[in-house]
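Proteins get letters first, then strands, A, B, ... in listed order; numbering begins at 1 in each. Since this is a predicted model, take the numbers as computed values, not measurements.
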2 protein chains.
Amino acid sequence: MPPDQTAPKPLSTDISDRLAARIADGDLMAGDRLPSEAELAAQFDCSRATVREALKRLAAKNLIRTARGHSGGAFVNNLTYAAAVEAHVATSTLLLSMNAVDFQTAVEARFALERACAHLAVTHHEASDLRAMKTAINRLASKCNDEQFCAADVSFHRALVDAAHNPILSYQLAGAVEAMQPLMNMITYPERDREVIIRLYRRIAGAVMARDAAEVRHIMDELEAVILDLFQRRQSRRGPVKPG
Amino acid sequence: MPPDQTAPKPLSTDISDRLAARIADGDLMAGDRLPSEAELAAQFDCSRATVREALKRLAAKNLIRTARGHSGGAFVNNLTYAAAVEAHVATSTLLLSMNAVDFQTAVEARFALERACAHLAVTHHEASDLRAMKTAINRLASKCNDEQFCAADVSFHRALVDAAHNPILSYQLAGAVEAMQPLMNMITYPERDREVIIRLYRRIAGAVMARDAAEVRHIMDELEAVILDLFQRRQSRRGPVKPG
DNA sequence: CCGTATTCAAATGTCAGACATTTAAATGTC
DNA sequence: GACATTTAAATGTCTGACATTTGAATACGG
């Protein structure tokens, strides 16, 4: 005899869900001010503490911001791409670290996404994008440790993403690429391999400039193979991973 | 004379940030139980209410879950792909609706991502993936209203994404594709155009089965052109959008 | 009349203590 | 040993208060 299959969700959860729904529906628009905590407490017939817990949840999701003082209160946030990217990166990073993603899967996903981006970059890029790529390549070519190399690497890929000039794509991919940086940092880049990689990057930049989509795709296939090979050589050098 | 440039963040925010950092650092692992609210209040030298507000924030970000009762408490969540996708979809949907993304940009992003996916689907797909695609196509071909057509459309694309058999990619793309559904729902699909689309889908499924990556890419270019044309015809039929 | 200082009011942020509810373990009973 | 009861620990909620911040109204002096 199941007494009450409906899991009775806490009141604070219910309140935050309802407010979130009103925001999603456009009932509460960006910039609107929510009623004060005391008013909300009266509306929902609960205490201020309960309302506050609900509001903190909305704030955590970036749906509202709160201000103190005379004309303060809770205001519906205008969700920006920058804020969404930040949250996306944080979530993706945790997701990857908690689920023990194997390197091959990560590399595969990353390159798949970047190929998509490069496709658009070929047709949409501007001069500034090429400059950004070249700056990143120069940083890669300078003497630097592995971590700096990786950071410059991210810069290059970020430039490639931005060259697509599509904010939605940038939002999606920035999350993926940045979240994978810790994984990428696991690689060590011997001098000889760095040269190979840099040469491929130069060719990518050149192909983008020449607006040759097929060539870009082809180079990225090469690049992916190089990265995977690099990782596998590192693995075999260190021997199989021992559990525990 | 700026007295205190450092914006003093509320204590509850500080606490949630610190706990979130401990989770991200792996200091608190999935499944671990946080100290009870009373203990945390003692540790941070604050009241239980303040601790609770901090915990609600973490719960909103899906970092912890709470349970009542004797051996209840706050436990570090094992972040699953499914949960992350749900959050990602919600955020992306809001982001798109709040930032008035134009249709062309959305379509461009969507097809760019799907091309990336299709590339992997060609090499990674299994028989079950092809079956899922065909099921979706059959639903598309049956008599249905625009909304049902769109839903089936999403199913097809979801099947394509899953065929890549890369969880990271699925996570990223599911968010993008599902978030764009409201935009896609804006289109009306006349009978003649449906046939065109369905024919293209059949060809995609066929090319995936034949493991012909170039052909898949080519068909998707066609498909994108068709969708854009469809939208533009609809726009011109209704005339330019009037403000207000 | 204008500019400055003071006061005020409204709102969030925090605290303390209490009670309600849930849950599993400990205990008692047959 | 199986079942019912008690109990303890934890979250969920309420109440009322005070602290702090901030813009606006007000008072004052020139």
Between protein and nucleotides 13-15 of chain C, what N or O pairs are separated by less than 3.5 Å?
residue, atom, partner, partner atom, Å
C/dG13, OP1, A/T66, OG1, 3.2
C/dG13, OP2, A/R52, NH1, 3.0
C/dG13, OP2, A/R52, NH2, 3.4
C/dG13, OP2, A/K56, NZ, 3.1
C/dG13, N7, A/R48, NH2, 2.8
C/dG13, O6, A/R48, NH1, 3.3
C/dT14, OP1, B/L11, N, 2.4
C/dC15, OP2, B/S47, N, 3.0
C/dC15, OP2, B/S47, OG, 3.4
C/dC15, OP2, B/T50, OG1, 2.6

**Complete:** Residues passing the side-chain contact (heavy atoms from CB on, under 4.5 Å) test with B/T135, sequence neighbours excluded, are none
**Fill in**
Sequence neighbours excluded, the answer for side chain to side chain donor-acceptor pair (under 3.5 Å) partners of B/N77 is B/N62, B/R65
**Asked** Within the structure shown, what part of the strands sits under 4.0 Å from B/R65 by heavy-atom distance: base, sugar-phosphate, or nothing?
**Response** nothing
**Pair assignment for C/dC30, Watson-Crick or G-U wobble, requiring both distances under 3.5 Å** = D/dG1
**Item:** Under the side chain to side chain donor-acceptor pair (under 3.5 Å) test, residues paired with A/S36 that sit two or more places apart
**Value:** A/E39
Side-chain polar contacts of residues 150-164 of chain A - donor-acceptor pairs under 3.5 angstrom, sequence neighbours left out - could you list them?
residue, atom, partner, partner atom, Å
A/D153, OD1, A/Y201, OH, 2.3
A/D153, OD2, A/R110, NH2, 3.3
A/S155, OG, A/R139, NH1, 3.0
A/S155, OG, A/A151, O, 3.3
A/H157, ND1, A/E114, OE1, 2.4
A/H157, ND1, A/E114, OE2, 2.7
A/H157, NE2, A/R110, NH2, 3.1
A/H157, NE2, A/Y201, OH, 2.9
A/R158, NH1, A/E178, OE2, 2.5

**Request:** Can you sort out which residues in residues 15-22 of chain B have a heavy atom within less than 4.0 Å of DNA chain D? Ascending by number, please.
**Result:** none
**Request:** Could you tell me how the ring of B/Y171 sits relative to the ring of B/H88: parallel (under 30°), tilted (30 to 60°) or perpendicular (over 60°)?
**Result:** tilted
**Request:** Give the first and the last nucleotide of DNA chain D, reading 5' to 3', that has any atom under 4.0 Å from a heavy atom of chain B.
**Result:** D/dA8 to D/dT13
**Prompt:** Which residues pass the side chain to side chain donor-acceptor pair (under 3.5 Å) test with B/D146, sequence neighbours left out?
**Reply:** B/R194
**Message:** Test of understanding: with side-chain contact (heavy atoms from CB on, under 4.5 Å), list the residues that count as partners of B/D45, not counting sequence neighbours.
**Reply:** none
**Message:** Tell me every residue that passes side-chain contact (heavy atoms from CB on, under 4.5 Å) with B/V76, counting only those two or more places apart in sequence or in another chain.
**Reply:** A/M98, B/I23, B/L28, B/D32, B/L34
**Request:** For A/A87, enumerate each residue passing the side-chain contact (heavy atoms from CB on, under 4.5 Å) test, keeping only those at least two apart in sequence or located in another chain.
**Result:** none
**Complete:** Per nearest nucleotide of DNA chain D, the residue lying toward the 5' end, B/S36 or A/H70, is B/S36
**Prompt:** For B/T105, what residues pass the side chain to side chain donor-acceptor pair (under 3.5 Å) criterion, not counting sequence neighbours?
**Reply:** B/D102
